[in-house]
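These numbers were taken from a predicted model, which means no experiment stands behind them.
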Amino acid sequence: MRYLIAPLILLIVACTTPAQDGLVVCRAYDSSLRALAGYRAADRLSIEQVATVDRWRPVLNEACSGPVSASTLSVIEQGVFAMIAIEEAVQ
């Protein structure tokens with residue numbers, strides 16, 4: 001039975017729309033931003049890391065505030081990956 005689960009999950013993921021993917025990625029952005037805010041308050045982020053977050057935040061806020069298209073999804077993913085990389089480096 002478990003051998004059928006992985007292909008089923010792959011099929012479900014392959015059938016998502018940019019809007020559905022955008023919802024997932026925007027939630028990841030929200031989670032990462034909250035974690036990074038805590039690290040910033042604890043003075044654990046470098047000046048460069050703060051600058052990166054400050055550069056991406058307005059872009060991601062705007063992109064996640066409306067419908068997500070395939071091109072918008074690509075931008076959101078880039079920003080979220082940058083923020084998650086900072087989060088991982090600080091942990």
Side-chain angles (χ1 to χ4, degrees):
M1 180 67 164
R2 69 176 169 215
Y3 297 109
L4 297 175
I5 294 174
L8 180 60
I9 291 172
L10 290 174
L11 178 62
I12 291 169
V13 170
C15 294
T16 61
T17 65
Q20 292 167 327
D21 292 341
L23 179 63
V24 172
V25 177
C26 287
R27 286 194 178 176
Y29 160 60
D30 179 64
S31 176
S32 184
L33 186 61
R34 289 174 191 271
L36 292 171
Y39 291 136
R40 185 175 186 178
D43 202 29
R44 293 183 58 193
L45 297 180
S46 70
I47 293 169
E48 294 82 15
Q49 290 169 326
V50 170
T52 299
V53 172
D54 287 345
R55 218 175 18 255
W56 276 109
R57 192 176 52 223
V59 173
L60 295 173
N61 285 345
E62 182 177 339
C64 288
S65 66
V68 176
S69 66
S71 60
T72 306
L73 181 61
S74 176
V75 171
I76 297 169
E77 287 174 341
Q78 290 175 24
V80 170
F81 289 144
M83 294 180 73
I84 289 173
I86 293 169
E87 191 178 343
E88 289 293 318
V90 174
Q91 289 180 351

Chemist: Got a donor-acceptor contact below 3.5 angstrom from the Ser31 side chain to the Ala28 backbone?
Modeler: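 A pair under 3.5 Å: no.
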Chemist: Counting N and O atoms only, with roles assigned by atom type, does the side chain of Thr52 sit under 3.5 Å from a partner on the main chain of Glu48, one being a donor and the other an acceptor?
Modeler: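 Yes, because the side chain of Thr52 sits within donor-acceptor range (under 3.5 Å) of the backbone of Glu48.
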Chemist: Measure the spacing between OG of Ser74 and CD of Glu77 and express it to the nearest 0.5 Å.
Modeler: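 One gets 6.5 Å once the value is rounded to the nearest 0.5 Å.
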Chemist: Counting only heavy atoms not in Gln78 (residues, nucleotides, ligands), do more than 12 fall under 6.0 Å from its CD?
Modeler: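 Enclosed.
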Chemist: Short question: side chain of Gln20, backbone of Thr17 - any donor-acceptor pair under 3.5 Å?
Modeler: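 Looks like yes, one N/O pair under 3.5 Å.
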Chemist: Within a radius of less than 6.0 Å around CZ of Arg44, do more than 12 heavy atoms belonging to other residues, nucleotides or ligands occur?
Modeler: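 Yes.
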Chemist: Can you tell which of Val24, Leu23, Val25 makes a side chain to side chain contact (heavy atoms under 4.5 Å, CB included) with Arg27?
Modeler: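 Testing each of Val24, Leu23, Val25 against Arg27, the sole residue satisfying side chain to side chain contact (heavy atoms under 4.5 Å, CB included) is Leu23.
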Chemist: Can you tell me how far OH of Tyr39 sits from CG of Leu45, rounded to the nearest 0.5 angstrom?
Modeler: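 Answer rounded to 0.5 Å: 9.0 Å.
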Chemist: With heavy-atom distances below 4.5 Å as the criterion, would you say the side chains of Val53 and Ile86 are in contact?
Modeler: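 Val53 vs Ile86: side chains touch.
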Chemist: Any idea which heavy atoms bring Ala70 and Pro18 closest together, and the distance?
Modeler: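 Result for this residue pair: N-CB, 3.8 Å.
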Chemist: Measure the spacing between CG of Leu73 and OG of Ser69 and express it to the nearest 0.5 Å.
Modeler: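 Between Leu73 CG and Ser69 OG, I get 8.0 Å after rounding to 0.5 Å.
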Chemist: Go through the structure and list residues passing salt bridge (Lys or Arg N to Asp or Glu O under 4.0 Å) with Arg57, not counting sequence neighbours.
Modeler: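 Counting only residues at least two positions away or on another chain, Arg57 forms a salt bridge (Lys or Arg N to Asp or Glu O under 4.0 Å) with Asp54.
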Chemist: If I compare all heavy atoms of Ala82 with all of Trp56, which pair ends up nearest, and what's the gap?
Modeler: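 Taking Ala82 first and Trp56 second, the nearest heavy atoms are CB-NE1, 3.7 Å.
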Chemist: For residues 37-91, which residue pairs pass the disulfide (SG to SG under 2.5 Å) check, not counting sequence neighbours?
Modeler: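 Output for this query lists Cys26-Cys64.
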Chemist: Decide yes or no for Phe81 and Ile76: does some side-chain heavy atom of the first lie under 4.5 Å from some side-chain heavy atom of the second?
Modeler: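 No, every pair of side-chain atoms sits at 4.5 Å or beyond.
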Chemist: With no hydrogens and no angle check, is any side-chain donor or acceptor of Gln91 less than 3.5 Å from a backbone partner on Glu88?
Modeler: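 A pair under 3.5 Å: no.
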Chemist: With side chains defined as the heavy atoms from C-beta onward, is the minimum distance between Ser32 and Leu36 less than 4.5 Å?
Modeler: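 The answer is yes; the side chains approach within 4.5 Å.
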